[in-house]
**Student:** 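Below you will find the structure I want to go over with you.
Quick caveat, the model's predicted, so the values are computed rather than measured.
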Amino acid sequence: MLNKILTIDGRKLVFFILYFTLIMETLIAELHLPEFIRYFNDIAILMLLVVFMPKKLSKVIENNKLVCYGIVIFLLICICSAVINFVPTRLVVWALRNTFRGIIYFLACIIFLKKEDLPKIFNILFKFQILNLVLSLYQFFILHHEMDQVRGMFGYSSSAGVEVFNALISAYYLNAYLAKKEKLTKLLFVILSSFIIAAIAEVKFTYVLFVVIFCATILLTKFSVRKLLAVMIGVVGLTFGLILMKYYYPVMYEVLVDTDSLMSYATSTHEEGYRIPRIGAFKVISKELLNNNTKKELIGIGFGNGETSSLKIFQSSFYKQYGDWNYRWFAHQWIFLETGYIGFISFLCIFLFMLKDLMKYLKDVTVEQKYFVCTSIAMILCCILSIWKNAALKLDAQYIMYFALAIGFIVKNSQKGELT
């Protein structure tokens with residue numbers, strides 16, 4: 001029995017990466033564990049890739065050809081851009097780590113998880129949301145932190161983890177409630193807790209993702225009394241969240257509710273901080289960092305040439321010169337700078353292929369499985385939006401995001417048979 005518990009396998013590593021990603025920033029911020037524990041996930045990913053996945057990968061590719069083609073095309077474009085621009089091997093290796101670890105995890109989730117695992121996982125994630133709420137309230141009311149210093153169980157890192165996790169748990173419990181798989185009380189708690197955290201942490205993007213999730217779910221599911229009730233709860237939750245935001249951060253509330261203010265916020269630049277706008281970033285990067293060079297606009301400065309790290313070996317000369325432009329704060333800016341229009345479009349296509357695949361599968365899915373697929377579809381839309389909002393798809397938060405995207409494919413592949 002003890003040997004079975006201590007034995008490492010692919011399934012256990014998949015669980016470890018998900019749960020450790022949720023808790024590691026708290027371990028660093030509150031328990032003062034060393035920051036190198038973040039690399040535990042890298043070790044787990046390497047073990048999955050080298051030891052446990054190779055024998056089962058062919059079946060995943062066979063069952064999900066469109067998505068896997070998209071991944072391979074993006075990988076090849078990244079490598080080609082690195083070769084053409086003579087990027088040092090060490091920087092390419094670090095860029096592969098930052099960009100593809102979540103994609104490897106996505107494939108691992110499909111291989112090692114079954115649809116029966118998903119409700120159990122979300123029961124655990126629900127408990128994590130309780131911890132998330134408690135820590136957020138502690139940071140805000142007891143420690144008197146504000147805005148960027150309130151990140152719940154995500155310590156004091158970027159807002160990406162908070163946004164992604166709130167979106168995932170909201171999408172799942174909304175769809176699970178509509179499918180009569182979860183209680184109304186759990187949905188109510190998830191919505192209210194998400195907005196409380198979003199309001200006191202000043203995480204505006206949660207409000208946007210919430211609307212996207214609800215709209216997508218309404219369009220994908222049939223009318224029912226439960227849907228009507230869920231919409232009412234959603235409206236109440238959103239209103240409650242906006243009231244809290246207005247009370248604690250009135251200026252940011254205006255940004256959320258006023259279209260002109262929102263557009264001004266999205267296109268604004270500052271000498272310190274957002275030197276490149278969220279919207280219109282490619283034009284600014286082309287002019288200021290690429291000198292309107294057509295070749296650079298197409299293939300970028302080279303995959304890995306914009307990298308940096310606390311480890312000096314992975315710091316690029318380009319970053320040392322232009323890092324204060326903070327292009328690494330947003331996925332679209334980072335990817336465009338390194339791989340150009342070709343690389344960015346191919347990266348975006350991965351998620352569009354996922355969406356197309358699951359929308360096609362949705363026509364054949366059983367009622368028992370539909371709510372999983374709807375959860376993933378809603379999260380794909382959130383994922384696409386996040387490319388312009390933050391760098392979640394380059395940070396540790398990508399593990400949560402790619403798990404969310406894998407949910408629908410886990411169900412799809414479970415139906416097609418065991419991955420042996």
Side-chain angles (χ1 to χ4, degrees), residues 21 25 35 38-39 41-42 74 77-78 81-82 85 87-88 90-103 148 151 154-164 203 205 266-290 296-297 299-341 343-344 346-348 350 383-402:
T21 300
E25 292 301 332
E35 294 185 3
R38 294 190 180 106
Y39 297 111
N41 277 341
D42 293 79
F74 176 59
I77 290 172
C78 289
S81 76
N85 286 283
V87 181
R90 69 183 190 281
L91 296 179
V92 177
V93 170
W94 194 244
L96 287 169
R97 178 259 185 189
N98 285 337
T99 307
F100 287 90
R101 52 184 165 151
I103 293 174
D148 291 346
R151 293 294 180 255
F154 296 95
Y156 307 113
S157 59
S158 74
S159 63
V162 180
E163 294 164 349
V164 172
V203 183
F205 196 46
T267 56
S268 64
T269 59
H270 306 278
E271 191 58 33
E272 294 184 4
Y274 301 116
R275 296 188 67 182
I276 304 173
R278 290 177 174 86
I279 298 177
F282 294 173
K283 183 178 180 180
V284 173
I285 291 172
S286 295
K287 178 183 177 182
E288 302 294 340
L289 301 180
L290 302 180
K296 298 293 184 184
E297 289 176 344
I299 62 171
I301 62 173
F303 184 63
N305 253 345
E307 289 290 343
T308 191
S309 169
S310 57
L311 304 173
K312 291 185 178 180
I313 190 175
F314 298 125
Q315 293 177 352
S316 69
S317 56
F318 182 91
Y319 182 83
K320 290 176 183 177
Q321 185 174 358
Y322 298 105
D324 59 351
W325 283 82
N326 298 317
Y327 56 83
R328 295 172 82 255
W329 288 9
F330 305 98
H332 69 302
Q333 297 178 15
W334 192 346
I335 294 168
F336 172 72
L337 179 65
E338 288 193 331
T339 61
Y341 282 110
F344 176 76
S346 65
F347 180 72
L348 184 60
I350 294 174
C383 185
I384 292 172
L385 286 177
S386 79
I387 294 173
W388 280 267
K389 168 56 177 66
N390 53 45
L393 288 166
K394 289 275 198 173
L395 306 175
D396 291 307
Q398 68 183 283
Y399 292 121
I400 306 170
M401 192 166 279
Y402 279 109

**Student:** Quick check for you: to the nearest 0.5 Å, what is the distance between D324 atom CG and Y319 atom OH?
**Tutor:**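 D324 CG to Y319 OH: 8.5 Å, rounded to 0.5 Å.
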**Student:** Measuring only between side-chain heavy atoms, which start at C-beta, is P88 closer than 4.5 Å to N305?
**Tutor:**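 Result yes, sub-4.5 Å side-chain heavy-atom pair found.
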**Student:** Is the side chain of H332 donor-acceptor paired with the backbone N or O of R278 at a distance under 3.5 Å, no angle test?
**Tutor:**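 Confirmed, H332 side chain pairs with R278 backbone.
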**Student:** Would you indicate whether the side-chain heavy atoms of E307 and W334 approach each other to under 4.5 Å?
**Tutor:**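 SC-SC contact between W334 and E307 confirmed.
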**Student:** Does E338 use its side chain to pair, donor to acceptor, with the backbone of G306 at less than 3.5 Å?
**Tutor:**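 Checking the backbone N and O of G306 against the side chain of E338, a donor-acceptor pair under 3.5 Å is found.
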**Student:** Would you confirm whether Q315, through its side chain, and S309, through its main-chain N or O, come within 3.5 Å as a donor-acceptor pair?
**Tutor:**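 Present.
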**Student:** Could you state the interatomic distance from CZ (F154) to CD1 (I400), rounded to the nearest 0.5 Å?
**Tutor:**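 So the CZ of F154 and the CD1 of I400 are separated by 4.0 Å.
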**Student:** Run Y327 and Y322 through ring pair (Phe, Tyr, Trp, His ring centres under 6.0 Å) and show every step you take.
**Tutor:** CA-CA 9 Å; Y327 56 83; Y322 298 105; 8.6 Å; no
**Student:** Please name the pair of heavy atoms, one in G300 and one in N85, separated by the smallest distance, quoted to 0.1 Å.
**Tutor:**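 Closest approach of G300 to N85: O-ND2, 3.4 Å.
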**Student:** So do C78 and F347 actually touch side chain to side chain, heavy atoms under 4.5 Å?
**Tutor:**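 They are not in contact (no side-chain heavy atoms under 4.5 Å apart), so the answer is no.
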**Student:** Using side-chain hydrogen bond (donor to acceptor under 3.5 Å, both in side chains), reason through N41 and T21 one step at a time and then give a plain yes or no.
**Tutor:** CA-CA 8 Å; N41 277 341; T21 300; 3.0 Å; yes
**Student:** Hey, what do you get for CZ (F282) to CG (L290), rounding to the nearest 0.5 Å?
**Tutor:**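 That separation rounds to 11.0 Å.
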**Student:** Under the side-chain contact (heavy atoms from CB on, under 4.5 Å) rule, what do N326 and I276 come out as? Steps first, then yes or no, please.
**Tutor:** CA-CA 8 Å; N326 298 317; I276 304 173; over 6 Å; no
**Student:** Would you compute the distance between atom CZ of F303 and atom CG of L337 and round it to the nearest 0.5 angstrom?
**Tutor:**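 Here the rounded value is 12.5 Å.
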**Student:** For the residue pair W388 and F336, is the inter-centroid distance of their aromatic rings smaller than 6.0 Å?
**Tutor:**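 Ring-ring flag for W388/F336: false, centres at least 6.0 Å apart.
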**Student:** With a 6.0 Å cut-off (strictly less than), is the heavy-atom count around CD of E35, excluding the residue itself, greater than 12?
**Tutor:**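 No.
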**Student:** Please enumerate all residues that pass side-chain hydrogen bond (donor to acceptor under 3.5 Å, both in side chains) together with Q333, with sequence neighbours excluded.
**Tutor:**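 Not a single residue meets the side-chain hydrogen bond (donor to acceptor under 3.5 Å, both in side chains) criterion with Q333.
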**Student:** Determine whether F205 and L385 make a side-chain contact, defined as any pair of heavy atoms from C-beta on separated by less than 4.5 Å.
**Tutor:**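 Yes, their side chains come closer than 4.5 Å.
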**Student:** Go through it in stages, so that I can follow the logic: the residues are Q398 and T99, the test is side-chain contact (heavy atoms from CB on, under 4.5 Å), and I'd like the CA-CA distance, side-chain angles, deciding distance and then a yes or no.
**Tutor:** CA-CA 9 Å; Q398 68 183 283; T99 307; over 6 Å; no
**Student:** Out of curiosity, R97 CZ to D42 CG, how far, rounded to the nearest 0.5 Å?
**Tutor:**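 Here the interatomic distance stands at 4.0 Å.
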**Student:** Name all residues meeting the salt bridge (Lys or Arg N to Asp or Glu O under 4.0 Å) criterion together with E163; count only those two or more places apart in sequence or in a different chain, and write none if there are none.
**Tutor:**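 Listed in chain order: K389.
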**Student:** Indicate the atoms forming the closest heavy-atom contact of V164 with A397, along with that distance.
**Tutor:**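 That would be CG1-O, 4.4 Å.
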**Student:** Closer than 3.5 angstrom, by distance alone: can the side chain of R101 be matched with the main-chain N or O of L96 as a donor-acceptor pair?
**Tutor:**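 Looks like no, no N/O pair under 3.5 Å.
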**Student:** What do the steps show when you test I313 against W94 for side-chain contact (heavy atoms from CB on, under 4.5 Å), and what is the final call?
**Tutor:** CA-CA 10 Å; I313 190 175; W94 194 244; over 6 Å; no
**Student:** Calculate, to the nearest 0.5 Å, the distance between atoms CD1 and CG belonging to I350 and L393 respectively.
**Tutor:**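 Nearest 0.5 Å value for the CD1-CG distance: 9.5 Å.
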**Student:** What pair of heavy atoms forms the shortest contact from A82 to V92, and how long is it?
**Tutor:**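 A82 and V92 have their closest heavy atoms at CB-CG2, 3.7 Å.
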**Student:** Can you name the nearest heavy-atom pair linking G304 to S316, along with the distance?
**Tutor:**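 Smallest interatomic distance, heavy atoms only, reads O-CB, 4.2 Å.
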**Student:** N390 side chain to A392 main-chain N or O, any donor-acceptor pair under 3.5 Å?
**Tutor:**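 Confirmed, N390 side chain pairs with A392 backbone.
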